[in-house]
There are 2 protein chains.
Amino acid sequence: MSEVRPARAHRHATASDVARLAGVSQSAVSRAFTPGASIARETRARVEDAARALGYRPNAIARSLTTRRSRIIGVAAAYLQNHFYPDVLEALSKGLQARGYHLLLFTPDAARDADPLLQEVLAWQVDALILASTTLSSALAGQCRAAGIPVLLFNRTSRHADVSSVTGENLRGGRLIAEFLVAGGHQRLAFIAGIENSSTSRDREAGFTGWLAEHGHAPPLRDVGLYDFESASAAARRLLSRPDRPDAIFAANDHMATAVAEVARHEFGLRIPRDLSLVGFDDTGPARWPSFSLTSFAQPLRPMVDAAVAMVCEMIENPAAPTRHQVIPGELMVRGSARMPPEGCVSRADALVWRPVRDQAA
Amino acid sequence: MSEVRPARAHRHATASDVARLAGVSQSAVSRAFTPGASIARETRARVEDAARALGYRPNAIARSLTTRRSRIIGVAAAYLQNHFYPDVLEALSKGLQARGYHLLLFTPDAARDADPLLQEVLAWQVDALILASTTLSSALAGQCRAAGIPVLLFNRTSRHADVSSVTGENLRGGRLIAEFLVAGGHQRLAFIAGIENSSTSRDREAGFTGWLAEHGHAPPLRDVGLYDFESASAAARRLLSRPDRPDAIFAANDHMATAVAEVARHEFGLRIPRDLSLVGFDDTGPARWPSFSLTSFAQPLRPMVDAAVAMVCEMIENPAAPTRHQVIPGELMVRGSARMPPEGCVSRADALVWRPVRDQAA
DNA sequence: CCGGTTCTTGCATGCGCATGCAAGCCTATC
DNA sequence: GATAGGCTTGCATGCGCATGCAAGAACCGG
């Protein structure tokens, strides 16, 4: 009477199984599945037949162990409520999938420290790490460097360590928005920051306030929205309740800008842009819908992601390469949420963009 | 003269390195990092010191090779433009991270077949597969079953193979919306479908038209929005251009419903709900914002994700368990986008829900 | 027909870790 | 003080695959 074995231990066929069936060595099987390996056409065919018969598929884990390349890239993405990041994630995933990489996703808590999570990811011998919405502690950056793991910051930079990055034109965008709003005749500007220690928010603010200061304008009002819808709504409420209510708000991203629009319209009965001009940053998602029609400095998704994919692949090829900070140029997309300056609007493709008059020649 | 080695091959410390430094065997190191293993307190401390000194971290790939458990779960998610899915992804990720699993993300092209991608994921010996917005070909379902890999469909069911699933109350939701709209006195109903062969859209439509038919009402108009913003906009344009323009539209999800709202308001100058009632499905994202204030049948994210996490873990523990189809109850969240019936609204927590009058007693 | 190439192939080994097994040690018990 | 039992530990092995090496096969030109 034969013992009953649970069917669950249905072991996957291995290269040796295939080799036995095909009457070749295990090495031959390995070579049959390694592009560019030296193997006779006929042998490969025999192996492929046997593999098909057994439903064999090379075990990626075992392969990674010997090749020391996992073809896995760790990706951290938080703030998925902000439409920008799902779009980034999808584009990144597709771009890297096309190059044979897979993404190990992890979602750090905005509040908590991302380090422990990142540690786990490092245990996976990832070929690289992309941080799409988290800053890297300098400790971790050091570990990655020591371990030779390329790290790319997406839409962030780090002042702690010199880590490569891809960003939009945060500084220039901030400056341009200041100039745009002033040119539109606004008197009382306000800025709603994202998370204080994020380089993105800092740079956008620095550009904004920097331009204003350089041109003799009063510093803008300021509140903090933490990149979060509810917090940004609260910030908007505070700003709009002031006796010296601002006539223009620049929110550090579109996600917060839509929150401001909702509060301004539905809680304060303001009309946009008649009573309040609103400018965002990212040019993505609902902000483009007619209901919001948000004027926003674009971070062009495709070029940014393409650059990120290229950089990551390059860093994997050549880990010794120096760090690079790539800045992807964007433009101020003019829509209906902010009063338009008398001049400077240029139509471009199917959109309207704004440039300072002095640059029109270009 | 010693040969110069490129520093890049900075090999990670291995368990043997740690063992040597700590003066123990490699097994001891392994046990020190295996919870529950038999190891003396003092030995563990020595190992931990040595590990710290060398920056050692167990290699997850090697570990998976021997344990035959990768603690990786493959997740397919497409349609990330639909706010529901990023939210799902984030919640799933957090829930599974908390249980020690990591997500290998892949984003099938909506258009193309997901099979080749899924094949790659299988090569990773994933412990399970969650399909959040893709249907599984029956071929692949068979392969997974043969390989003993649990599969869970999230917000989908499959008619081909019996694969476990977690869904909302698509059928009941569709019925309830029909009843709600009829109770609200609407005369010409319309339905905008998602992707035709998605169970989600089919079930919602079946509930909707089923209730109407059972109660002697004319079948609704119908168009297809493919779960896509642009396509849904086009569908809305076609429906709203008809001489017998519908006075109520049920869009198969909120993402499409917002598209309808945009078109109705900004292209047709209609007011919602005075000229047109609009109902969606999901109760998520921008649909909740005041600008849309969408009446929508809720798919409660948290319970759905919790159920999915629990089911996946259970399936991993016990692969022989029978397939289950878990349906998470939801409610019709009443907001401002649809004319309200004279009775049936019940306030519940901080929201308004609708139930047929006959159920009020419950 | 032979030496030399170019291709293929199998052998052996190792990637880094987990684990069954048996040996060693320590404590408790009588 | 002897024995049984429980804890720890190291040894040896294997997970599934890739790859350097050398042997063998096929082929070429002279």
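Nothing here was measured: the structure is a model prediction, and the numbers come from that model. Each chain gets a letter, A, B and so on, in the order the sequences are listed, and its residues count up from 1.
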Please give, in whole Å, the distance from [N] [atom2] to [X] [atom1]?
| X | N | atom1 | atom2 | value |
| --- | --- | --- | --- | --- |
| B/Ile39 | C/dG24 | CD1 | P | 20 Å |
| A/Trp124 | C/dG16 | CH2 | C1' | 13 Å |
| B/Asp17 | C/dC15 | CG | P | 10 Å |
| A/Arg46 | C/dG10 | CZ | C1' | 14 Å |
| B/Arg71 | C/dA18 | CZ | P | 13 Å |
| A/Ile61 | C/dC15 | CD1 | P | 19 Å |
| A/Tyr56 | D/dG16 | OH | P | 10 Å |
| B/Asn59 | C/dG14 | CG | P | 18 Å |

Is it the case that the side chain of [X] and the backbone of [Y] share a donor-acceptor pair, with hydrogens and angles ignored and the cut-off at 3.5 Å?
| X | Y | value |
| --- | --- | --- |
| B/Arg71 | B/Ala60 | no |
| B/Thr43 | B/Ile39 | no |
| A/Glu90 | B/Thr107 | no |
| B/Ser25 | B/Ala28 | yes |

Would you indicate what [X] reaches in the nucleic acid, counting non-hydrogen atoms under 4.0 angstrom: base, sugar-phosphate, or nothing?
| X | result |
| --- | --- |
| A/Leu65 | base |
| B/Ser27 | base |
| A/Val24 | sugar-phosphate |

N/O (side chain, [X]) to phosphate O (OP1/OP2, [N]) under 4.0 Å:
| X | N | value |
| --- | --- | --- |
| A/Ser25 | C/dG10 | yes |
| A/Ser30 | D/dA18 | yes |
| A/Ser38 | C/dT8 | yes |
| B/Arg68 | D/dG16 | yes |

>> Which is more 5' along DNA chain D, the nucleotide nearest A/Ala62 or the one nearest B/Ala40? Just name the residue.
In response: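 Counting from the 5' end, the first nearest nucleotide belongs to B/Ala40.
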> When you measure from the side chain of A/Thr43, which nucleotide among C/dT8, D/dA18, D/dC15 comes out closest?
Replying inline: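 The listed nucleotide nearest to A/Thr43's side chain is C/dT8.
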>> Using the side-chain heavy atoms of A/Thr67, tell me which of these nucleotides is nearest: D/dC17, D/dT19, C/dG16.
In response: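 Looking only at heavy atoms from C-beta outward on A/Thr67, the closest nucleotide is D/dT19.
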> What orientation do B/Phe33 and B/Tyr56 show, parallel under 30°, tilted 30 to 60°, or perpendicular over 60°?
Replying inline: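 Perpendicular: the ring planes of B/Phe33 and B/Tyr56 meet at over 60°.
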> If you pin B/Arg31 and B/Ala60 to their nearest nucleotides in DNA chain C, which one's is more 5'?
Replying inline: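 The residue whose closest nucleotide sits nearer the 5' end is B/Ala60.
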